[in-house]
Amino acid sequence: MYGKDRGQPLTIPGLTKLKASGEKIACLTAYDATFAEALDAAGVDVILVGDSLGMVVQGRSSTLPVTVDHMVYHCAAVARGASRPVLIGDMPFLSFRDVDRALENAGRLMAEGGMQMVKLEGGGRIADITRRLVDAGIPVCAHLGLTPQSVHQLGGYRVQGRAEEEAERIVEDARSLEDAGASLLVLECVPDALAGRITESLGIPTIGIGAGPACDGQVLVLHDLLGLGSGPKARFVRNFMADAEDIPGALSAYVSSVKEGHYPGSEESYG
């Protein structure tokens, strides 16, 4: 049901059509060509080349040391392995602190890395940069809630938007970024009710990670889906390898679970 036989490569407007039709969007991270090909075959709609590679590939304690050169390298590898999904590359820490730097670095992720969209963490403060990138022909995916590049400022990896004032700020930031031209919004570690409110209020799709089932789609870090890595796992992580015979089976199970509304469940969401 889900796989390469579903048709032509997806486009960014195609993701908005999925939202309008009510079909959930399945997104996963990837960092190399082999896994990109496997995600493509499983029917993943969006591949995010995340700066999470700093932790799951490079073994670092955070995403902060990841550079633009690192991102370009891994983006290009993923682009060589995938043909159907929309490809998004993360803009790493401090790579978009002003308009000129953002244009240069985002341009590299697209021209050298083969990406179709770039992802920027941050709220209304990056609305102007988002608008300038979009005006230059660079599609933008926004990222609100828990933004790992600001982990020290946020006081750690914790749920965002539980306090009323904080929730209202996230809602306003979402509207501001949509108005600035963002085509997609990742919501990370926010209460499911807040994510549902934002999803209903926006015309662009929302992709949740620890943001409940009301989002238009879901994303997981590939290594978490496969049950890899040591240490405690976030509440929203599900090990799809546990009931699968092989990696392709786990990937297909994830896509099916997202599409059919079986992932995430209430126990994998935040109230």
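Since we're looking at a predicted model, the values are computed, not measured.
Interatomic distance, Leu187 CG to Cys215 SG, rounded to the nearest 0.5 Å: 5.0 Å. To the nearest 0.5 angstrom, Arg197 atom CZ is 11.0 Å from Leu202 atom CG. One distance of note links CG of Leu109 with CE of Met115; it measures 8.0 Å at 0.5 Å rounding. Atom CG in Asp224 sits 11.5 Å away from atom CZ in Phe240 (nearest 0.5 Å). Rounded to the nearest 0.5 angstrom, Phe93 CZ and Glu121 CD are separated by 10.0 Å. Rounding to the nearest 0.5 angstrom, the gap separating the CD1 atom in Ile126 from the CG atom in Leu177 is 5.5 Å.
One finds no salt bridge joining Glu104 and Arg101 here, because no Lys/Arg side-chain nitrogen approaches an Asp/Glu carboxylate oxygen to under 4.0 Å. Salt bridge Arg108/Asp69: present, at least one basic N to carboxylate O contact under 4.0 Å. Salt-bridge check for Lys259 with Asp45: passed, with a basic side-chain N closer than 4.0 Å to an acidic carboxylate O. At a threshold of 4.0 Å, the pair Glu268-Arg235 does not count as salt-bridged, since none of the basic side-chain nitrogens sits closer than that to a carboxylate oxygen. Between Arg84 and Glu37, no side-chain nitrogen of the basic residue sits less than 4.0 Å from a carboxylate oxygen of the acidic one, so the salt-bridge criterion is not met.
Side-chain heavy atoms closer than 4.5 Å link hydrophobic residues (I, L, V, M, F, W, Y) into clusters, and following such links, even through other members, never connects Tyr73 to Val68.
Put simply, the side chain of Ile207 reaches to within 4.5 Å of the side chain of Ile25, judged on heavy atoms. When side chains are defined from C-beta on, Met71 counts as touching Pro92, because their heavy atoms get closer than 4.5 Å. No side-chain heavy atom of Val49 sits less than 4.5 Å from a side-chain heavy atom of Thr29. Contact annotation: the side chain of Val66 approaches that of Leu53 to within less than 4.5 Å [non-hydrogen atoms, C-beta and beyond]. The side-chain heavy atoms of Val186 and Ile209, taken from C-beta on, include a pair separated by under 4.5 Å. Side-chain contact between Leu185 and Ile204 is present, with at least one heavy-atom pair separated by less than 4.5 Å. Proximity of Val78 to Cys75: side-chain heavy atoms (C-beta onward) are nowhere separated by under 4.5 Å. The shortest distance between side-chain heavy atoms of Ser183 and Val140 does not fall below 4.5 Å.
Among residues at least two apart or in separate chains, side-chain hydrogen bond (donor to acceptor under 3.5 Å, both in side chains) pairs with a member in residues 198-222 are Lys19-Asp216, Thr199-Thr206, Thr206-Asp216.
Listed for the Gln116 side chain is a donor-acceptor partner under 3.5 Å among the backbone atoms of Leu87. Remark: side-chain polar atoms of Thr147 are not paired, donor with acceptor, to backbone N or O of Leu144 under 3.5 angstrom. Side-chain atoms of Arg175 never come within 3.5 Å of backbone atoms of Glu172 as a donor-acceptor pair (strictly under, hydrogens ignored). Between the side chain of Gln160 and the backbone N or O of Arg158, at least one donor-acceptor pair lies under 3.5 Å. With hydrogens and angles disregarded, no donor-acceptor distance shorter than 3.5 Å links the side chain of Asp173 to the backbone of Gly123.
Summarising the geometry of Met55 relative to Ser61, their closest heavy-atom pair is CE-O, 3.5 Å, with the distance given to 0.1 Å. Of all the heavy atoms in Gly212 and Ser269, the pair that sits closest is CA-OG, 3.4 Å. A pairwise comparison of heavy atoms in Leu39 and Ala30 identifies CD2-CB, 4.0 Å as the closest pair. Shortest non-hydrogen contact noted between Val134 and Gly181 is CG2-O, 3.5 Å. Across all non-hydrogen atoms, the minimal contact from Gly124 to Ser176 is CA-OG, 4.1 Å. Closest approach of Asp192 to Pro213, counting heavy atoms only: CB-CD, 4.4 Å.
Across Asp128, Leu120, Val99, a single residue satisfies side-chain contact (heavy atoms from CB on, under 4.5 Å) together with Leu133, and that is Leu120. Of the candidates Val46, Val255, Leu220, Val46 is the only one forming a side-chain contact (heavy atoms from CB on, under 4.5 Å) with Cys27.
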- Please assess Tyr254 against Leu28 for the test side-chain contact (heavy atoms from CB on, under 4.5 Å), listing each intermediate value before the final yes or no. CA-CA 9 Å; Tyr254 169 77; Leu28 281 171; 3.5 Å; yes
- Query: Please walk me through it: do Lys119 and Met91 pass side-chain contact (heavy atoms from CB on, under 4.5 Å)?
  - Reply: CA-CA 6 Å; Lys119 181 168 75 64; Met91 294 281 283; over 6 Å; no
- Query: Checking salt bridge (charged side-chain N to carboxylate O under 4.0 Å, His left out) for the pair Arg131/Asp135: CA distance, chi angles, key distance, verdict?
  - Reply: CA-CA 6 Å; Arg131 186 174 291 106; Asp135 287 346; 6.0 Å; no
- Between Ile198 and Val171, is a side-chain contact (heavy atoms from CB on, under 4.5 Å) present by the stated rule, with each step listed? CA-CA 6 Å; Ile198 293 171; Val171 170; 4.0 Å; yes
- I would like to know whether Leu226 and Leu222 meet side-chain contact (heavy atoms from CB on, under 4.5 Å); could you show each step before the answer? CA-CA 6 Å; Leu226 297 176; Leu222 175 64; 4.0 Å; yes
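For Asp243, the CG atom counts as loosely surrounded, since its 6.0 Å shell holds 12 or fewer non-hydrogen atoms of other residues, nucleotides or ligands. Counting heavy atoms of neighbouring residues, nucleotides and ligands inside a 6.0 Å radius, atom CD of Glu245 does not exceed 12 of them. Within 6.0 Å of atom NZ in Lys17, 12 or fewer heavy atoms from other residues, nucleotides or ligands are found, so the atom counts as exposed in its surroundings.
When ring centroids are compared, Tyr31 and His223 come within the 6.0 Å threshold.
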